[in-house]
Amino acid sequence: MTTKKIKTYCRFCHAYCPMEATVEDNRLVAIAPDTDNAVYGGYTCIKGRQLGEQIYHPTRLQQSRKRQADGSFAPIGSEQALDEIAAQLQAIMAEHGPRSIASYNGTYSYQNSAAHGVARAWHKSIGSPSYYTSVTIDQPAKVAIGPARMGFWNAGSHMWCDADVAMIIGNNTLVSHYSIPGGVPSFSPFNALREGKKRGVKVICVDPRKTELAARADLHLQVKPGQDAALIAGIIQVIIAQELYDKDFCAEHTRGLQQLEAATRRFTPELVAAAADIPVAQVLEAARIFAAGPRGSAVTGTGPEMGPHPNLLQHLVQALNAICGRHYREGERLPNPGVLTPPGPRRAQATSPQPQWLSQGTRSRVSADIGELFVLSPYGPLGEMPTAVIADEMLTPGDGQIKALICVGGNPLLAWPDQEKTLRALSGLELLVCIDLKMAATAQLAHYVLAPKMCLEREDVTLLTDIWHDQAYSQYSPTVVEAEGDKIEEWEFFWAIGKRMGLQMSLDNGPIDMDNKPAKFDLLKNITAGSRVPLEQVRQSDGGQVFPGMDIIIEPADPATRGYLDLFPDGLEEELAAAYRDAQTADPGNFPHLLVSRRMKNTYNSTGPELSLLKDKGTTNPAFMHPQDLAALGISTGELIEVYSAHGRIPAVAAAADDIKPGVVSMSHCWGGSPDPAAGTDARVRELGSNTNRLIDNREQAEKYSGMPRQSTIPVAVRKPG
Ligand SMILES: Nc1nc2c(c(=O)[nH]1)N[C@H]1C(S)=C(S)[C@@H](COP(=O)(O)OP(=O)(O)OC[C@H]3O[C@@H](n4cnc5c(=O)[nH]c(N)nc54)[C@H](O)[C@@H]3O)O[C@H]1N2
Ligand SMILES: Nc1nc2c(c(=O)[nH]1)N[C@H]1C(S)=C(S)[C@@H](COP(=O)(O)OP(=O)(O)OC[C@H]3O[C@@H](n4cnc5c(=O)[nH]c(N)nc54)[C@H](O)[C@@H]3O)O[C@H]1N2
Ligand code: SF4
Ligand SMILES: [Mo]
């Protein structure tokens, strides 16, 4: 028997914690934090420490499956499955055209650095624009709409490591391990927060729940959900009125300040405090602390970005950063320009808004307002279609109707807004293929389910997080154990289908060898070609490394290309008017509670509940409510309740939590099972949890450009089941 210790990193979530694996004869026998890694200091969470259980779990698919005429699934060799799928795709394309062929690339497609590039290459080679990801039902205002409407600062805004203050709006890194630079870093977040606070960083947390972060903040605004845009408009107003903003920066780099000032004047501290149900003094205090800075950013997370007015909120948050001048300037040091991203100078200048990004691409067939979104990336803007209306694109007959879906590491039946519509849409497809570790809710509807390799069974590199770190950090992991059974990587699927269809596929940096399957490393080299540090050098390091001497000094603006940030783009007036109306409306009608989303420690969206180590930690998705609210309804913790909205109703398990603002129901998404009554999932709510997307109408109050529905801040009522 041979025993090996291999340095690797966890890819259960995108924190990419360094790990040390112990392998005996190609079997993972232990997985532990890599305590040699200085950036993470041995940090991991329970989800990473159980990877050994997950890799050998009985629910894990060992080979592909094909749906039979009676609805059951039978094993099928992956080569055979790929032959059949390629033939069916070709037939569907011949009859309905390329747009009818779609892929949805969910959260786990992001955990394989080669998956998106090869999937895009395949779409390009068949000429199908129907490329979808989970990002467009996550925070599209942040990554696609904001930059197009306001423009962006080339050198970036202040990161946590350089901050004196951080305003963190509906983002809970201590559980989610998610933040954009400026918020609490995802990498060993408790430590990062502790160190920041020692340095004197003032944290303002805006959240209806006293979260793990709020409990450690200097100021917690325990807001009523859905009023963030009004609140930030009010804070901007205070900062301008008290002349606490950066006048030089505004004069040099922005346009529209006067209009913004005039249009936000009606958002008085009294009005926004009443709307958000917080003391007026807290609004003034938040404005004062943030403006005092002098460095640090305001950032948002999913809570408010899924609520009302996300495009407006995102704009106002970026406007707040802009008027306070929270951007890296000429001569300053940029801590991490990226290890594997393309080099090039970073300049102290704005790129002007690109409103054409919001109208130039493929339009949705179901709404004139909505179309292709261009997600900003280190490689430039990348187009994708909005997932918010993908179910409608499947259900609406006519040219371009989606007939085939390839679902990669995602779980639409639980994740997409409007669960019943999603079920109808997926059930009507001519071909549904899932690449999934288990027979997830969506996989159970598929014609073919392909078994993927899990993270420790494939080599990879931390490309996704390359520019999220505040140091030039990167880790390459070799394959830790060879996959058993008949399993493939996500990119191999697209390559194999492309080869069978006779396509020539190309990545941005060059063609893919279609005769012989490329080695993963060569693909990654192609994807990262020209990077600051060559991929080979990253591979040579044993474990994650900081690459010294990589920080760069921000260069002066180039007069030929310098632009401006638009503080008052087209449409803002109407959006502010709508937020103003909402801020004044107090009558909740028949739905006195607001249901908001949250993340749970032991699961990652729908991944985790099947794992005993995680489940034993008490995992399900209760409806957390304030004890007063439960008492008023005569409901106790653990009782079954019904939560209903204007659109649907779900069973849930009540749980009292005094960290929730009264009037709010806090409940995690991506739980439960099929809404088909025949599936009987409602009766198993205590075991499976319950799906909040049944409460959502995906077209009502949909946001312009993205179609984002209200996936959070849903007006609901709660009752005992009758
Ligand atoms: N109402 C409401 N809806 C929401 C949200 C919300 O807050 N509220 N959140 C939204 C957000 S932010 C997101 S990102 C989406 C998530 O949307 P999705 O990405 O569609 O959902 P997940 O549950 O993350 O799906 C992950 C799937 O990948 C499988 N999987 C796990 N590991 C692997 C692997 O290594 N390889 C492969 N191929 N598959 C694997 C899992 O079994 C699971 O089926 O949901 C969105 N929907
Ligand atoms: N353990 C774990 N980690 C995860 C995930 C998971 O499911 N589990 N999911 C991953 C995914 S897909 C994503 S996108 C990221 C998301 O990462 P985050 O955005 O940090 O997600 P949450 O932890 O849900 O934090 C959102 C916060 O918004 C608050 N909130 C809700 N409504 C409002 C509102 O109207 N206004 C304000 N100001 N706050 C509001 C909620 O109370 C909650 O504390 O997390 C990722 N990480
Ligand atoms: S935070 Fe947990 S799940 Fe995420 S990478 Fe680290 S160990 Fe894995
Ligand atoms: Mo997400």
Side-chain angles (χ1 to χ4, degrees), residues 172 175 207-212 214-215 222 224-226 277 303 413-414 419-420 441 588-603 605-606 608-612 614-696 710-722:
N172 190 24
V175 168
D207 200 302
R209 197 188 134 223
K210 186 162 186 179
T211 57
E212 292 70 4
Q222 192 166 19
K224 180 176 167 192
D277 188 29
L413 188 59
L414 303 189
Q419 201 194 19
E420 269 148 24
N590 295 329
F591 302 103
H593 289 89
L594 291 170
L595 184 140
V596 299
S597 284
R598 68 184 299 149
R599 266 69 196 157
M600 312 276 291
K601 269 201 179 85
N602 296 333
T603 53
N605 305 325
S606 69
E610 71 279 12
L611 304 166
S612 62
L614 300 181
K615 196 169 186 69
D616 287 351
K617 299 280 168 184
T619 303
T620 177
N621 70 331
F624 293 101
M625 294 175 68
H626 195 273
Q628 272 171 21
D629 286 354
L630 283 183
L633 292 161
I635 295 167
S636 329
T637 288
E639 249 185 84
L640 282 186
I641 54 172
E642 187 171 83
V643 181
Y644 60 102
S645 69
H647 186 70
R649 55 197 159 94
I650 54 171
V653 181
D658 54 16
D659 58 11
I660 315 282
K661 190 174 180 76
V664 177
V665 182
S666 169
M667 199 169 170
S668 190
H669 60 293
C670 284
W671 286 79
S674 170
D676 180 353
T681 45
D682 282 3
R684 294 167 65 202
V685 54
R686 286 184 190 280
E687 172 201 344
L688 298 175
S690 187
N691 195 271
T692 55
N693 280 320
R694 258 161 84 183
L695 302 172
I696 297 169
R710 299 205 177 161
Q711 297 184 155
S712 187
T713 314
I714 309 161
V716 295
V718 173
R719 64 185 167 211
K720 292 191 184 216

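If you read the sequence from its start, that first residue is 1, and numbering goes on from there.
- The shortest distance between side-chain heavy atoms of N172 and E212 falls below 4.5 Å.
- Looking at every heavy atom in both residues, R598 comes nearest to S668 through O-OG, 3.0 Å.
- For the pair P225/L595, no side-chain contact is recorded, criterion being any heavy-atom separation below 4.5 Å from C-beta on.
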- request: Dump the intermediate steps for side-chain contact (heavy atoms from CB on, under 4.5 Å) on N605 and H669, then the final yes or no.
  value: CA-CA 7 Å; N605 305 325; H669 60 293; 2.8 Å; yes
message: Working note: Q419 + L414, criterion side-chain contact (heavy atoms from CB on, under 4.5 Å); need CA distance, chi angles, decisive distance, verdict.
response: CA-CA 7 Å; Q419 201 194 19; L414 303 189; 3.7 Å; yes
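- Put simply, the side chain of T681 gets close to the backbone of S674: a donor and an acceptor are under 3.5 Å apart.
- The two atoms that bring L695 and H647 nearest to each other are O-CB, 3.5 Å, heavy atoms only.
- Side chains of S666 and R209: no donor on one and acceptor on the other come within 3.5 Å.
- P651 places none of its side-chain heavy atoms less than 4.5 Å from the side chain of R684.
- Taking the side chain as every heavy atom from C-beta outward, R719 and V643 never approach each other to under 4.5 Å.
- Counting heavy atoms from C-beta outward, D682 and R694 have side chains that approach closer than 4.5 Å.
- Side-chain contact check for K720 versus L633: every heavy-atom pair is 4.5 Å or farther apart.
- The shortest heavy-atom contact between P675 and E420 is CB-CG, 3.9 Å.
- Between L630 and A654, the closest heavy-atom pair is CD2-CB, 4.1 Å.
- Across all non-hydrogen atoms, the minimal contact from I696 to N693 is CD1-OD1, 3.2 Å.
- For the pair S645 and P715, the tightest heavy-atom approach, listed with the atom from each and the gap, is CB-O, 3.6 Å.
- Residue V653 forms a side chain to side chain contact (heavy atoms under 4.5 Å, CB included) with just one option from N621, L640, T637, T620, and that option is L640.
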